[in-house]
**Student:** 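Let me give you the structure first, and then I'll get to my questions.
Each chain gets a letter, A, B and so on, in the order the sequences are listed, and its residues count up from 1.
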Amino acid sequence: NAGVTQTPKFQVLKTGQSMTLQCAQDMNHNSMYWYRQDPGMGLRLIYYSASEGTTDKGEVPNGYNVSRLNKREFSLRLESAAPSQTSVYFCASSVGRFNSNQPQHFGDGTRLSIL
Amino acid sequence: GEDVEQSLFLSVREGDSSVINCTYTDSSSTYLYWYKQEPGAGLQLLTYIFSNMDMKQDQRLTVLLNKKDKHLSLRIADTQTGDSAIYFCAETGSGGYQKVTFGTGTKLQVIP
């Protein structure tokens, strides 16, 4: 009963280092998302993938890249980490069918600190 | 663009009812959701309502939708300490890929 799995759960980086956050879902969902959550700002969409083979920018894409490796996996990469990217990162997935009820299912998050 | 607003904080006594409010701007919203986030965890879907409904009840949870005023509320009856969490309102539009817009979350504190 895994749902959406994110790794790692915690990470500390130095400014300028790179890292990839991993996300996998086992619900055969078409759409996947990456959000960041900061105090008082709710969830902000970084990138999303409406279906396998496509990715699009969300609200705050600068400083990030993504890869939809296959239907199950959607990774988020920080090429050169900055302190402003200290946040909690959530991956989510949804069915992605046209005109259907599409609640998003979330992972438990990755807590990332950039020093 | 679409916007979803919530008050940041609500405090209630154990056993009382809690009412968390949300307003949204997207008139084409088709589904509206309530999520719960406990400390250190991701968002968990609590309940949802389709835009052609006024009310939905699910055990202790009652969702009310006023589409004219674009106002959504979540009522939790007999609030327990385990209900302490952040509650997010979210909405999604119609057609094709459906971007979900989340509110900033309301932190519910339940006082024993």
**Student:** Using non-hydrogen atoms and a 4.5 Å limit, figure out which bit of A:Gln37 sits close to chain B: side chain, backbone, both or neither.
**Tutor:**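 It is the side chain, since no backbone atom gets that close.
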**Student:** Side chains of A:Pro103 and B:Tyr35: closer than 4.5 Å at any heavy-atom pair?
**Tutor:**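 Yes - at least one pair of side-chain heavy atoms lies under 4.5 Å apart.
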**Student:** Give the interface residues of residues 65-74 of chain A toward chain B, defined by a heavy-atom separation under 4.5 Å.
**Tutor:**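 Within residues 65-74 of chain A, near chain B: nothing under 4.5 Å.
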**Student:** Hydrophobic clusters here meaning ILVMFWY residues chained together by side-chain heavy-atom distances under 4.5 Å, can you tell me if A:Tyr47 and A:Val60 are in one?
**Tutor:**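 Yes, it is one cluster - the side chains of A:Tyr47 and A:Val60 are joined through contacts under 4.5 Å.
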**Student:** Side-chain heavy atoms nearer than 4.5 Å, only ILVMFWY residues, links allowed to pass through others: does that put B:Met55 and B:Met53 together?
**Tutor:**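 No, B:Met55 and B:Met53 fall in different hydrophobic clusters.
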**Student:** Under 4.5 Å between side-chain heavy atoms, hopping through other hydrophobics if needed: is there a path connecting B:Val4 to B:Leu45?
**Tutor:**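 In one cluster with B:Val4: B:Leu45, yes.
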**Student:** Could you tell me which residues satisfy side chain to side chain donor-acceptor pair (under 3.5 Å) with B:Thr62, sequence neighbours excluded, listed by chain and number?
**Tutor:**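 Partners of B:Thr62 under the side chain to side chain donor-acceptor pair (under 3.5 Å) test: none.
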**Student:** Among the clusters formed by ILVMFWY side chains lying less than 4.5 Å apart, do B:Ile76 and B:Ile86 turn up in the same one?
**Tutor:**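 Hydrophobic grouping puts B:Ile76 with B:Ile86.
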**Student:** Check for me whether the distance between the ring centres of A:Phe106 and B:Phe102 falls short of 6.0 Å.
**Tutor:**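 Yes - the distance between ring centres of A:Phe106 and B:Phe102 falls below the 6.0 Å cut-off.
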**Student:** Under a 4.5 Å cutoff for heavy-atom pairs, which residue among B:Thr104, B:Leu43, B:Leu8 has the most contacts with chain A?
**Tutor:**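 Option with the top pair count is B:Leu43.
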**Student:** Tell me whether B:Val19 shares a hydrophobic cluster with B:Val110, the cluster being built from Ile, Leu, Val, Met, Phe, Trp, Tyr side chains joined at under 4.5 Å.
**Tutor:**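 Different hydrophobic clusters.
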**Student:** Does any heavy atom of chain A fall under 4.5 Å from the side chain of B:Gln37, the backbone, both, or neither of them?
**Tutor:**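 Only the side chain of B:Gln37 comes within 4.5 Å of chain A.
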**Student:** Return yes if some donor-acceptor pair links the side-chain N/O of B:Tyr33 with the main-chain N/O of A:Gln104 below 3.5 Å, else return no.
**Tutor:**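 No; judged by distance alone, with no hydrogens or angles, the pair does not exist.
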**Student:** Quick one: are A:Leu43 and B:Val100 in side-chain contact, heavy atoms under 4.5 Å?
**Tutor:**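 A side-chain contact is absent here, since even the closest heavy-atom pair is not under 4.5 Å.
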**Student:** Counting only heavy atoms not in B:Tyr48, do more than 12 sit closer than 6.0 Å to its OH atom?
**Tutor:**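 No, because the 6.0 Å sphere around OH of B:Tyr48 holds 12 heavy atoms or fewer from other groups.
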**Student:** Less than 4.5 Å to any heavy atom of chain A: does that hold for the side chain of B:Phe50, its backbone, both, or neither?
**Tutor:**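 The answer is neither part of B:Phe50.
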**Student:** Checking A:Arg44 against chain B: side chain, backbone, both or neither under 4.5 Å from a heavy atom?
**Tutor:**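 For A:Arg44, there is no contact with chain B at all, as no heavy atom is under 4.5 Å.
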